[in-house]
Amino acid sequence: MIVRLGYVAMSVELKNASPSQTMTFKQFLQIPDREAAIQKLERIAKNNLTNCLRLLKHNVANEIHFFRFSSKLIPLANHEELSDWKYMRPLKEILQEIGHYLQEHPIRVDFHPDHFVLLNSKSTDILNNSIKTLAMHEALLKGMGIDPEHRCVMHVGGAYEDKEKALEQFIHNWAYVPASIQRMIMLENDDTSFHLEHTLYLCEKLGIPLVFDYHHHLANHENPEWEKEWDRVVSTWSLSKLPIKMHISSPKSEKEYRAHADTIDREMFLHFLHTIKGSVHEIHCMIEAKKKDAALFQLVEDLKGEKNITWLDQSSFEIQ
DNA sequence: GCCAGTCAAGTCCCG
DNA sequence: CGGGACTTGACTGGC
């Protein structure tokens with residue numbers, strides 16, 4: 001089984017390369033000239049995308065083939081007071097530049113909008129805003145010339161005091177989600193409300209790939225034996241052009257179990273891999289650690305010399 | 001130049 | 001039912 005490692009959004013190694021610089025609405029209102037304020041937003045967005053390109057180059061230099069973009073690339077893109085702002089126009093060139101770079105240096109890229117994007121809300125306002133935010137993600141991918149299919153990881157959403165009802169609400173709302181956005185989505189089991197079986201239920205019913213988060217599963221499960229459902233998880237990827245992906249992180253501490261540690265616990269990761277090896281040809285593991293790319297490099301160091309592992313490059317290996 | 005506080009979002013918890 | 005915590009990185013203001 002081939003394993004490729006990726007990391008999230010920003011680098012702790014590459015300096016002054018934040019892809020998430022921002023302006024709050026409050027700051028926006030403090031600039032008296034609205035045009036000037038919008039130009040500042042556009043400068044920030046362009047700068048964020050330029051930093052994304054720098055991050056991609058950093059990834060290529062380190063043979064990393066898997067990367068999650070920040071979802072904060074365009075500050076206030078979805079704000080209701082800025083609905084007249086055509087934010088995509090000034091970004092066309094830099095997006096194309098990123099697209100060209102990705103054609104020459106293929107890296108699997110995707111997004112993970114933060115959990116204010118809720119597809120199972122009963123409120124049409126929240127649902128419509130969520131769809132709007134997803135449409136922004138779609139536009140960014142298209143601007144880069146990337147097929148948006150299965151490029152956006154989401155959580156199921158709010159529990160709203162009744163998880164079974166909340167799951168049915170997701171199915172109900174799904175019909176109102178444009179088809180092009182539906183096909184962008186992957187669903188992840190979360191650490192407080194919707195565990196693996198909940199998420200599988202939706203994924204199987206709606207044909208959505210499931211991104212298994214091992215740490216979330218340890219924090220939130222009904223049945224601890226995820227292995228029994230693993231084949232079902234793999235099956236949700238059968239229609240995808242992309243290899244199965246999962247999230248890997250380690251608890252910060254026993255007390256702050258759900259919080260992410262700086263780095264990845266080697267033993268936990270190896271245990272997981274040995275459990276699933278043979279079930280798929282290739283798996284992509286997204287490292288979600290405080291230390292971002294440094295945690296990935298650390299994990300690679302920690303796995304060096306491990307028997308049954310043959311390194312393919314700086315971030316990929318084959319495990320027997 | 002560092003540290004504490006602020007900001008944004010929707011949900012959830014507590015009183 | 002209302003206010004604060006939660007979460008995360010960026011940013012601001014005070015010293």
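Convention: sequence-line order gives letters A, B, ...; per-chain numbering from 1.
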Discussion item. Can you measure Glu288(A) atom CD to dG9(C) atom C1' for me and round it to whole angstrom units?
Written reply: 15 Å

Worksheet item: Is a side-chain donor or acceptor of Gln27(A) paired with a backbone partner of Thr24(A) at a separation under 3.5 angstrom?
Response: yes

Worksheet item: Heavy atoms under 4.0 Å, any strand shown: does Glu161(A) hit a base, just sugar-phosphate, or nothing?
Response: nothing

Worksheet item: Between dG13(C) atom C1' and Gln27(A) atom CD, what is the distance in whole Å?
Response: 13 Å

Worksheet item: Can you find a pair of side-chain heavy atoms, one from Val211(A) and one from Met286(A), that are under 4.5 Å apart?
Response: no

Worksheet item: Is the shortest side-chain N/O distance from Ser20(A) to OP1 or OP2 of dG9(C) below 4.0 Å?
Response: no

Discussion item. Any non-hydrogen side-chain atom of Pro148(A) less than 4.5 Å from a side-chain atom of Lys142(A)?
Written reply: yes

Worksheet entry | Within one Ile-Leu-Val-Met-Phe-Trp-Tyr cluster: Ile64(A) and Val8(A), side-chain cutoff 4.5 Å | no

Discussion item. Under 3.5 Å, is there a donor on one side chain and an acceptor on the other for Asn59(A) and Tyr7(A)?
Written reply: yes

Response to the item:
Exactly one of Phe272(A), Phe269(A), Trp226(A), Tyr257(A) clears ring pair (Phe, Tyr, Trp, His ring centres under 6.0 Å) with His215(A), and that residue is Tyr257(A)

Worksheet item: Using a cut-off of 4.0 Å on non-hydrogen atoms, how would the nucleic acid contact of Ala159(A) be classed: base, sugar-phosphate, or nothing?
Response: sugar-phosphate

Item to complete: Mind grabbing the angle between the end helix axes of the helix from dG1(B)-dC15(C) to dG15(B)-dC1(C)? Five pairs an end, 10° rounding.
Response: 70°

Worksheet entry | Check: Leu167(A) and Phe194(A) side chains under 4.5 Å, non-hydrogen atoms | yes

Worksheet item: Is there a chain of hydrophobic side chains (I, L, V, M, F, W, Y, each step under 4.5 Å between heavy atoms) that links Leu5(A) to Phe66(A)?
Response: no

Worksheet item: Using a heavy-atom cut-off of 4.0 Å to chain A, what are the terminal contacting nucleotides of DNA chain B, in 5' to 3' order?
Response: dC7(B) to dC12(B)

Discussion item. Would you say Asn308(A) and His274(A) are linked by a side-chain donor-acceptor pair, where the criterion is simply a distance under 3.5 Å?
Written reply: no

Worksheet item: How would nucleotides 2-8 of chain C be written as a contact map, 5' to 3', with B for base contact, S for sugar-phosphate-only contact and - for no contact, using protein heavy atoms under 4.0 Å?
Response: -----S-

Worksheet item: Going by distance alone, is a donor N or O of one side chain under 3.5 Å from an acceptor N or O of the other, for Asp190(A) and His115(A)?
Response: no

Worksheet entry | Carboxylate-amine/guanidinium proximity below 4.0 Å for Arg68(A) and Glu288(A) | yes

Worksheet item: Heavy atoms under 4.0 Å, any strand shown: does Thr192(A) hit a base, just sugar-phosphate, or nothing?
Response: nothing

